[in-house]
Amino acid sequence: MTARFPLMIPLEEARTYVLDRCSRKEPIFTPVNDAFGLVTAVDVIAKESIPPFANTAMDGFAVRSSDVAVVPVQLRIIETIAAGYAPKLVVGTGEASRIMTGAPIPEGADAVVMVEKVSVKGDAVTIETAVQAGNHIRPAGDDVTSGQLVFAQGTVLTAGHLGVLCSLGMSEIATYPRLRVGVMSTGDELVDDCGPLAPGQIRDSNRCTLVSLLNGDGFVAVDLGLIPDDETAIESALLHGADRCDAIVTSGGVSMGDFDYVKAVLDRVGDMRWMQIAIKPAKPLAFGTIGHTPVFGLPGNPVSSMVSYELFARPGLRTMMGFPEPIRTVIQGIAAEPLTRHPDGKTHYSRVLARYEDGRIRVRSVAGQGSHMLTSMARSNALAVLPNGDGCREGDVVDLLLLN
Ligand code: AMP
Ligand code: MG
């Protein structure tokens, strides 16, 4: 059973509790084309070199540098080498091969003169500029040598990483799997069609915001629907979700109200802790596990659910996906105006607009800080972390979570 009035606990304590129960999934082989944003589960060792052969960085003529030490000099053109073809002839003294960017350097040649520095007449080329050995040649293994450690375990794969894997001829890579995260809204007042609202009804916005946050963070969101405030319905939706998904995010039903059944059900079918966290918004959180499936019971107020996602669900899910830094890095900005608040024992996460101006990140509050006022989320791009107290004055340094 959970205590009816638990003490408020600091954010770090609540988050440690959550992260301790979010274990990394077993690695799998993932096609490189699907691996964007995933985390490598092993060290990647190159089995090939990049580039695989010495080639030219310029369109021009492959020459012997000793032939072009004194210029101008005329050389005989013996062949044309296009990218994708192997040279057939050896470049001898007094000879040159016409060569296109990316084509292999022919035997005998040790430099390339770019086409802009020559004049051609029939099968003769006049070189106008002296070049050194190695000029415009990209040696084999210039970027990666076979046998080298390319990326360590725990690398977050970006487009650049994936390009390197393709260059190495790898079609799949051992990563932590992309999580499937179920999302459900709970509440009898909610509707999810566009028809007229009956008295007391409001429209469900949390499922859309949470699905978008999850997909934007590289998880696969699974819509588990809109569930009424009914213990049996919530229980079967949670069990069904735990079956199909790696984790579940719910919203609503974790406060102190008479019909807040999510925490009651989680307490019964899972191993759940209900926390009151010393933050505003997003004070209540029910976190539990059903079997091995973590369930994040986020508060229902639209802003609270998004802030709770940022502070608890996102770090927990990133931990499960093997991210070395699951928690967003706090950066610092300068308050361009006072960011006021009142002492209440909580850390406030205020919606702000952070803009890069005159070499600094300057922070301004957005209007409508109520946890039901979702337009403040739409107009902001960051949360300012305001410790318990009166807020900060213009010019003060302020901690920020830059959301987008
Ligand atoms: P609860 O956490 O269930 O007590 O809900 C707190 C507040 O958030 C209430 O005003 C609810 O109507 C509202 N709310 C709960 N779920 C949603 C939702 N999915 N979309 C929009 N508002 C919601
Ligand atoms: Mg509710």
Side-chain angles (χ1 to χ4, degrees), residues 2-6 8 14 18 181-216 221-238 241 245 247-268 270 272-288 295-314 346 349 351 368-380:
T2 45
R4 178 124 176 95
F5 299 105
M8 284 200 299
V18 168
V181 184
V183 182
M184 70 177 78
S185 291
T186 69
D188 278 349
E189 73 278 32
L190 302 172
V191 292
D192 66 352
D193 60 38
C194 303
L197 295 171
Q201 288 187 328
I202 61 164
R203 304 189 194 279
D204 175 13
S205 58
N206 291 352
R207 228 164 1 128
C208 175
T209 54
L210 292 169
V211 162
S212 308
L213 288 171
L214 286 162
N215 288 332
V222 178
D223 188 349
L224 298 176
L226 177 54
I227 316 297
D229 286 322
D230 172 277
E231 283 210 42
T232 315
I234 291 172
E235 177 174 333
S236 78
L238 280 174
C245 303
I248 300 174
V249 174
T250 71
S251 73
V254 297
S255 301
M256 309 270 283
D258 287 352
F259 307 105
D260 285 334
Y261 292 132
V262 172
K263 65 178 195 291
V265 172
L266 265 183
D267 208 17
R268 191 150 43 73
M272 198 270 307
R273 181 167 168 201
W274 183 47
M275 295 175 263
Q276 299 279 90
I277 302 151
I279 57 175
K280 186 180 176 184
K283 185 170 74 158
L285 173 74
F287 175 80
V295 182
F296 298 85
L298 311 184
N301 269 312
V303 174
S304 307
S305 70
M306 291 182 78
V307 170
S308 192
Y309 170 84
E310 165 66 24
L311 299 179
F312 301 104
R314 182 178 182 273
K346 301 177 205 162
Y349 288 82
R351 270 75 70 212
Q369 294 285 328
S371 59
H372 60 298
M373 299 170 94
L374 198 47
T375 56
S376 65
M377 248 4 229
R379 275 180 277 117
S380 65

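Just so you know, ligand 1 is whichever comes first in the structure, and atom 1 is the first atom listed for that ligand.
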J.: Please name all residues satisfying side chain to side chain donor-acceptor pair (under 3.5 Å) with E189, sequence neighbours left out, ordered by chain then number.
T.: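 E189 satisfies side chain to side chain donor-acceptor pair (under 3.5 Å) with no residue once adjacent residues are dropped.
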J.: Output all residues satisfying side chain to side chain contact (heavy atoms under 4.5 Å, CB included) with A378, sequence neighbours left out; order by chain, then residue number.
T.: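 With neighbours one apart ignored, the set is empty.
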J.: Do V181 and I248 pass the side-chain contact (heavy atoms from CB on, under 4.5 Å) test, and can you show the C-alpha distance, the side-chain angles, and the key distance before you say yes or no?
T.: CA-CA 5 Å; V181 184; I248 300 174; over 6 Å; no
J.: Tell me which pairs pass salt bridge (charged side-chain N to carboxylate O under 4.0 Å, His left out) where either residue lies in residues 195-209, with sequence neighbours left out.
T.: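 The answer is D192-R207, D204-R207, R207-D223.
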J.: Quick check for students: name every N or O atom pair between ligand 1 and the protein closer than 3.5 Å, with distances.
T.:
{"unit_1": "ligand 1", "atom_1": "2 (O)", "unit_2": "G300", "atom_2": "N", "d": "3.0"}
{"unit_1": "ligand 1", "atom_1": "3 (O)", "unit_2": "G253", "atom_2": "N", "d": "2.9"}
{"unit_1": "ligand 1", "atom_1": "8 (O)", "unit_2": "G300", "atom_2": "O", "d": "3.3"}
{"unit_1": "ligand 1", "atom_1": "8 (O)", "unit_2": "N301", "atom_2": "N", "d": "3.1"}
{"unit_1": "ligand 1", "atom_1": "12 (O)", "unit_2": "E189", "atom_2": "OE2", "d": "2.5"}
{"unit_1": "ligand 1", "atom_1": "14 (N)", "unit_2": "G300", "atom_2": "O", "d": "3.3"}
{"unit_1": "ligand 1", "atom_1": "19 (N)", "unit_2": "S185", "atom_2": "OG", "d": "3.4"}
{"unit_1": "ligand 1", "atom_1": "19 (N)", "unit_2": "D204", "atom_2": "OD1", "d": "2.8"}
{"unit_1": "ligand 1", "atom_1": "19 (N)", "unit_2": "N206", "atom_2": "ND2", "d": "3.3"}
{"unit_1": "ligand 1", "atom_1": "20 (N)", "unit_2": "S205", "atom_2": "N", "d": "3.0"}
{"unit_1": "ligand 1", "atom_1": "20 (N)", "unit_2": "N206", "atom_2": "N", "d": "3.4"}

J.: Tell me if the centroids of the rings in F287 and F296 come within less than 6.0 Å of each other.
T.: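 Ring centres of F296 and F287 closer than 6.0 Å.
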J.: Heavy atoms only: give me the nearest R351-G368 pair and the separation to one decimal.
T.: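 Smallest heavy-atom distance, with atoms named: NH2-O, 4.3 Å.
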